[in-house]
Amino acid sequence: MKKIYQKIIDYIIGISVRKPWLMLGFVILITVPAAYLLKDIKVDTNLIKLLPKHAKAAVATRELEEMVGDGGHFIVLFEGDNRESLIKAVEYTATEMKKIDELQDVHYKWPTEFLQKYRYSLLPTEYLDKMYEQLIQWEAKVNPFVDNMLVEEKKEMTHGDKEDEQDLKILIQQYQHMTEYHESADGKIFGILAPTAKGVTNIGAIKKIKEQIKAISDEASKKYGVWSGITGNHQNKLNEYDIIMFDLNQSSIIAGILIILVLLISYRAISPIFVTILPLIIGLVWAFALVPHYVGPLNLITAFLLLILFGMGIDYAIHIVKRFQLESNKTSLEEALRETYHSTGVAVGLSGLTTGISLSILALSDFRGFSEFGIISALAIFMVLMAMYLALPVFIVLFARFKGMHKMPMVRKRVFLPNKAATAIISVFVLASMLYAAFNLTFDYNLANMNFDNQKIVNVEELKQKQGKVYSNSMGVAAILLAPSVEEVDHLKQQLYDAKSKDSSSLIGRIRSIRDYAPSEADFEEKLFLIEDIKDQVSGKWTQRIEDADLKSMIADFIAWEPPTAPPTIEEIPNIIKANYVSRNGTGHFLVTVNPSEERKDGRNAMAFTDDLYSVSMDKSVKGPIGETVVFAEVLKLVTSESWWIALATFAGVVILIFLNNHSVKRTLVVLVPLVAGMMLTFGIFALAGFKLTFFNMVVIPALLGMGVDGGIHYVQRWFEVNRDTDATQKELFEPLSLAIVTTMLGYSGMMFANHSGISSIGNFAVIGLGLIWFATLVFLPGILKMFERKN
Amino acid sequence: MEKLFSKISTTLLLLAVLAISAYAADSPMDVVKKSNDKVSAINAKSSKLDDKAKKQMLDVIGSVTSWSEISGEVASKLRGLTPQQQKEFKEKFEELLRISSVNKLGRYRADGFEYVEEKIDGDKATVKTLALYKKEKVELVYELKKIAGKWMIVNYIVDGVDTIRNYQKQFSRLLKKKDFNGIIEVLDKNIQESKSE
């Protein structure tokens with residue numbers, strides 16, 4: 001094996017030395033088409049891209065997205081003091097927007113006639129129920145002889161209760177103060193709501209629609225002298241995408257500058273930096289050219305891989321270039337190259353293969369945040385290694401010929417080696433760290449802690465506030481089910497209510513459907529009874545004691561309002577309402593939306609809620625559930641169930657590879673010392689610093705296992721080569737290993753400053769981990785080896 | 001002998017007159033007035049009721065209020081209960097009314113009462129009063145029923161809020177959410193809370 005390797009590498013070195021331009025031409029020939037393919041790389045930040053294609057939520061989403069759409073919409077806002085100008089701007093913009101094919105509808109007027117007619121009868125039955133119950137309790141308060149039996153035992157309001165309360169308040173306000181246009185209470189802000197025709201996940205397509213809308217609204221704004229702005233959940237997606245791109249650029253700049261600075265300090269010259277970086281870039285281009293075809297769009301986690309791999313891959317070039325600089329002191333260019341590749345080239349290949357194979361174990365994971373990270377990392381490492389053998393020799397030759405490769409004199413430096421006591425203290429720290437982590441390192445399930453800092457987007461808060469004055473701030477839908485008929489809707493709702501009432505711990509909360517607007521005769525009758533009860537209740541003398549003006553006016557309005565005698569038919573329901581509950585592609589399916597009774601951004605609630613939904617026995621004709629909470633829950637379930645076995649499998653892979661190389665248990669264990677100690681310290685320090693594991697940074701654990709083993713492999717191999725002379729090994733390897741680890745750290749460092757807290761948590765974890773693995777490799781391991789040395 | 005007979009007759013007549021006059025004095029208004037006076041007197045002794053005062057209060061209110069009638073009225077409107085459940089509910093609720101009434105009267109102390117009117121319709125009567133709380137006047141209507149020849153309070157209506165009706169609405173709501181055992185649990189919990197007050 002060794003001989004084959006030497007034959008091939010000698011052949012490459014031979015051509016590189018004798019016909020460097022030919023070799024360079026060959027490298028360029030492969031690289032140019034690869035670079036062209038990079039244009040196909042896309043980033044898709046949708047959480048569903050983290051799920052395997054066979055995941056329940058992923059299958060359902062694919063099947064139903066045409067029917068359900070993604071609830072995506074744009075909102076155009078106009079603000080000004082002149083009502084007439086605002087109306088003209090709205091009318092003009094709406095007329096023009098209707099010409100955009102990708103928009104399903106353009107809503108700017110409320111269906112006042114419908115809402116006036118049906119008003120409070122459009123409130124869901126459970127809201128009417130709650131209103132009535134609240135009124136009974138208020139009434140009870142007036143009479144000191146009455147105890148309030150309806151108050152549950154000091155139970156706090158659930159998140160769902162609060163959402164319902166807010167929703168009810170907004171609905172009542174809407175029904176009470178109905179305006180023709182979508183406008184704020186003071187009439188100074190007007191809005192247009194435009195849902196898109198089908199689920200648009202392509203960020204480019206969303207951008208295109210937005211640009212068309214913006215051109216129209218800008219024109220209207222200029223024409224009628226009013227302010228305009230665009231918001232809505234499609235705009236939020238664009239904002240998120242922009243932040244990710246900003247983070248990516250910022251991280252790249254920070255990491256790039258720091259890596260070049262460190263290389264500059266190490267090489268004390270500019271040209272070796274080019275020799276180091278160029279083959280790495282070539283290797284990464286080769287690898288990423290294959291990504292769109294074999295992997296698909298990059299996801300939230302893999303979007304930052306290029307950066308990480310740059311930091312990781314640069315190690316190989318550093319080791320080879322440094323070794324070449326040393327060897328070129330002693331011999332000719334070709335001989336120095338041969339010596340470098342026969343020795344360091346093997347260690348680089350071995351450590352690269354170890355890292356690559358370890359990371360490829362991640363491909364076994366169902367969680368695409370892991371599997372695609374593993375596939376792309378392994379692919380990139382193998383390609384970078386290829387570039388190290390194919391492209392680096394020719395760059396070294398060419399730069400050496402043009403006097404760009406400086407020889408590095410053998411400098412004997414004083415190096416630090418810990419004594420026995422220091423090593424023992426470090427061992428205690430390692431164990432203490434592990435124990436501390438075991439009890440204190442926790443998983444953060446809260447999605448809100450893994451999101452974007454919106455402040456980076458100009459005007460985002462201002463727009464949000466203005467939108468809130470016209471439209472109720474959308475509370476979003478956690479899960480959607482589809483039923484083929486209204487009868488099935490009724491049956492499904494009953495099944496959901498039954499499941500909810502049977503299990504007191506069920507997190508199934510608010511259930512909504514077209515039936516809230518077009519109820520059956522029996523349900524409408526029940527509503528009418530409730531409305532009568534409420535009317536009777538608010539007609540009592542006690543209501544004179546109410547001081548709240550809004551409530552008083554609502555009560556007066558309720559008493560004065562005459563409920564309709566029959567419910568509206570589905571056909572009667574205006575599109576702006578119906579669109580939320582009827583399939584978008586005309587299959588005639590009806591949507592039933594379900595929200596949890598507790599905060600769904602807390603992953604534990606999302607998982608429990610999804611389990612509750614999955615456990616409801618529904619008719620076969622019912623499709624779903626789909627929705628962002630279901631996807632989030634499945635992502636979390638995958639991460640929490642797979643992380644540890646993937647980490648163990650990666651570790652097992654690392655152990656096997658090291659053992660295969662060393663054929664000795666003892667030697668394998670020694671190689672593993674810095675990795676294991678470094679990981680233990682990492683967990684401890686991470687917990688001590690108050691950081692938590694998240695579904696983003698969990699990927700760092702197997703990545704650290706793959707990356708962290710390199711130092712141990714190099715160090716132990718060299719230690720044996722120099723007859724177990726720890727001082728000599730330390731003197732030789734301290735700088736290149738430090739440089740290798742520091743550059744990898746720097747690759748991650750840019751992510752620490754990301755606005756997306758999930759991404760920055762990857763940066764934090766990796767930088768802390770690599771720093772501690774550096775410490776374990778170059779301080780703790782030498783201490784241990786020194787003890788072996790003395791014993792032997 | 002005649003003298004003795006005459007003495008006895010006179011004594012009996014006197015007793016009868018006294019009895020009749022005593023009976024006649026306990027009109028619905030008097031029942032309410034006397035009990036209010038007694039309650040006020042107990043409350044005036046201390047700002048917080050001790051066990052002895054609570055006992056006195058319970059005796060006063062208990063002697064003029066028919067808890068059984070109130071709880072029976074509430075129970076009668078609860079749909080879906082078996083006769084046995086109605087009986088159990090009635091007993092529990094009566095216990096709660098008895099215990100919590102003392103706390104309520106200890107807590108909500110009126111500064112005085114204005115007795116507005118008394119209406120008697122057969123064996124039913126209402127007494128309309130105005131309870132004075134600082135500067136506020138709250139209408140408090142007592143509904144009374146003649147039980148075993150004595151006027152007993154069977155409902156309190158404060159500012160239009162009917163005690164029996166509100167309780168009926170509350171328990172009807174509870175019955176929609178809980179089963180009978182759940183209702184009994186709510187009652188037990190409230191009884192315990194009232195006892196520990």
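Since the structure is predicted, the reported quantities are computational estimates derived from the model, not experimental observations. Each chain gets a letter, A, B and so on, in the order its sequence line appears, and its residues count up from 1.
- When atom types are taken as modelled, the side chain of A:S513 and the backbone of A:R515 share a donor-acceptor pair closer than 3.5 angstrom.
- In this structure, no portion of B:E185 lies under 4.5 Å from any heavy atom of chain A.
- In terms of heavy atoms, B:K150 sits closest to B:S63 at NZ-O, 2.9 Å.
- The main-chain N or O of B:R165 is found under 3.5 Å from a side-chain atom of B:D162 such that the two form a donor-acceptor pair.
- In this structure, A:Y517 has its ring center at least 6.0 angstrom away from the ring center of A:Y118.
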Given B:F93 and B:Y167, is the ring-ring contact (aromatic ring centres under 6.0 Å, His included) satisfied, shown in steps?
CA-CA 10 Å; B:F93 186 44; B:Y167 270 129; 4.8 Å; yes
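- Side-chain contact check for A:T158 and A:D161: at least one donor-acceptor pair (N or O, by modelled atom type) lies under 3.5 Å.
- When the heavy atoms of residues 540-550 of chain A are compared with those of chain B, the residues falling under 4.5 Å are A:K541, A:W542, A:R545, listed by number.
- Taking a cutoff of 4.0 Å between a charged side-chain nitrogen and a carboxylate oxygen, B:K87 and B:E91 qualify as a salt bridge.
- Under the 3.5 Å distance criterion, the side-chain polar atoms of B:N190 are left unmatched by any main-chain donor or acceptor of B:L187.
- With sequence neighbours left out, the salt bridge (charged side-chain N to carboxylate O under 4.0 Å, His left out) criterion links A:K117 to A:E572.
- Using a 4.5 Å heavy-atom cut-off against chain B, the contacting residues of residues 518-539 of chain A are A:L530, A:D536, A:Q537.
- Taking the six-membered ring for Trp and thresholds of 30 and 60 degrees, A:Y120 and A:Y175 have ring planes more than 60 degrees apart, a perpendicular arrangement.
- With hydrogens and angles disregarded, no donor-acceptor distance shorter than 3.5 Å links the side chain of A:N148 to the backbone of A:Q137.
- Judged by distance alone, with hydrogens and angles left aside, the side-chain atoms of B:Q86 form a donor-acceptor pair with the main-chain N or O of B:A75 at under 3.5 Å.
- Contacts between residues 137-144 of chain B and chain A, defined by a heavy-atom separation under 4.5 Å, are made by B:V138, B:E139, B:L140.
- For the residue pair A:E126 and A:I511, the shortest heavy atom distance occurs at OE2-O, 3.8 Å.
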